[in-house]
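Accompanying notes for the structure given below.
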Amino acid sequence: MEKSKVYFADFRTSYGGESMPAKLKRLIKTAGIGDIDFENKLVAIKMHFGELGNVSYLRPNYAKAVVDVIKELGGKPFLTDCNTLYVGSRKNALEHLECAWENGFSPLSAGCPVIIGDGLKGTDDIEVPVEGEYCKTAKIGRAVMDADIFISLSHFKGHEEAGFGGTIKNIGMGCGSRAGKADMHNNGTPTINTDKCRGCRKCQKICANGGLKYDEQAHKMSVDENNCLGCGRCLGECNFDAISFRKANAVEVLDAKIAEYTKAVIQDRPHFHINLIVDVSPFCDCHSENDAPILPDIGMFASFDPVAIDQACADACLQAKPIENSLLGDNMKKPDFHDYHDHFKNSSPESEWKFQLSHGEKIGIGSREYELVVIK
């Protein structure tokens with residue numbers, strides 16, 4: 001079987017030479033984006049606009065570079081993302097658009113409209129048949145599915161549950177409507193180790209669904225299983241390792257559902273994928289903070305294969321040297337540090353990333369075998 005091609009360019013530029021956006025344009029053209037017939041087609045460019053307060057999300061300059069290429073090829077692009085489940089500034093389209101504008105994403109800066117994929121309240125979705133192992137249908141934002149062509153532009157970084165967020169996470173979780181996101185997270189609720197809990201209540205502040213309760217007498221947190229959606233935001237918020245998933249396979253099932261939602265989005269239409277390994281924060285860009293990068297900037301990747309591109313990026317990250325002054329560096333200095341020989345798991349021990357790739361390969365959305373083509 002022929003290996004999928006993944007194209008790579010580093011972030012090096014010469015004085016007075018090619019700019020970074022120009023290099024990205026050259027990369028995606030070399031990777032074959034022009035093989036897609038864009039003429040008069042509506043093109044969804046799925047990306048993350050960043051939570052307010054977070055500064056590690058991709059700069060609008062990169063989005064503009066992709067938009068420019070699509071326009072050159074005759075397409076009609078728009079930037080899109082779907083609303084979130086949790087507290088923050090992106091849980092409805094009005095706040096989401098204001099967040100995008102404040103973070104620099106506008107028709108002026110990006111060169112195209114910004115459209116929130118699942119509508120005003122996150123209820124404008126389409127139930128797409130997928131017949132997966134875990135999902136028979138996927139609830140995807142209507143604007144995402146109405147597009148003729150789908151492009152993903154992803155910030156490759158860490159994630160407290162999925163290990164990392166790359167192409168598959170950006171598509172699968174990101175294109176799910178609010179109901180779709182709830183479906184993906186419904187396999188497990190967290191549990192709290194009261195011996196480790198300090199009662200700081202940081203986890204409660206990040207919970208949008210009333211899933212956590214505070215005991216005023218014991219000064220400890222507990223989980224309200226009637227309200228908890230299992231989104232896992234509290235895991236990343238706890239500094240004392242007091243929170244973990246009750247079901248041993250909860251994260252693996254989440255990974256599988258994300259892969260199946262990805263299949264629902266990309267099946268039966270042209271698609272192309274871009275990952276940038278830059279500002280590799282330990283957690284998702286959904287956080288209102290981003291912390292120091294755990295790994296150095298590596299480069300830009302492009303491919304028609306969503307599994308291969310994530311595998312190539314993971315391999316590049318695992319070969320990189322951790323940054324000492326970071327969450328990963330701090331964890332590695334702990335006396336009881338357990339080395340998983342995996343930078344993402346060493347950053348977030350409860351996380352698991354390999355299953356989203358193996359399941360993605362199993363359901364036919366791509367291959368973990370790839371050929372890396374380096375562009376100078």
For the backbone of [Y] and the side chain of [X], can you confirm whether one donor and one acceptor N or O come within less than 3.5 Å of each other?
X      : Y      : result
Asp224 : Lys213 : no
Asn103 : Gly50  : yes
Ser348 : Lys345 : no
Asp215 : Ala218 : yes
Asp148 : Leu42  : yes
Glu51  : Ser89  : yes
His155 : Ile277 : no
Asp255 : Lys354 : no
Lys376 : Ala9   : no
Thr167 : Asp310 : no

Tell me, yes or no, whether the heavy-atom count around Arg178 atom CZ, taken from other residues, nucleotides or ligands under 6.0 Å, exceeds 12. yes

Surrounding CD of Glu324 (heavy atoms of other residues, nucleotides or ligands, distance under 6.0 Å), is the total greater than 12?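 No, the 6.0 Å shell around CD holds no more than 12 heavy atoms from other groups.
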
Exactly one candidate in Gln204, Arg201, His219 meets side chain to side chain donor-acceptor pair (under 3.5 Å) with Tyr214; the answer is His219

Using side chain to side chain donor-acceptor pair (under 3.5 Å) as the criterion, point out the one residue from Lys181, His96, Lys121, Lys91 that pairs with Asn83.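 Going through Lys181, His96, Lys121, Lys91 one by one, the side chain to side chain donor-acceptor pair (under 3.5 Å) with Asn83 is satisfied by His96 alone.
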
Nearest-0.5 Å distance, CZ of residue Phe301 to SG of residue Cys313: 4.5 Å

Give a yes or no on whether the ring-centroid distance for Tyr134 and His359 is below 6.0 angstrom. yes

Salt bridge flag under 4.0 Å for residues [X] and [Y]:
X      : Y      : result
Asp68  : Lys64  : yes
Arg142 : Asp146 : no
Lys5   : Glu371 : yes

Partner of Glu133 by salt bridge (Lys or Arg N to Asp or Glu O under 4.0 Å), out of Lys257, Lys263, Lys362: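 With Glu133 as partner, salt bridge (Lys or Arg N to Asp or Glu O under 4.0 Å) holds for just one option, Lys362.
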
Relative to the ring of Phe105, is the ring of Tyr57 parallel (under 30°), tilted (30 to 60°) or perpendicular (over 60°)? tilted

Do the side-chain N and O atoms of Asp342 and Trp353 include a donor-acceptor pair separated by under 3.5 angstrom? yes

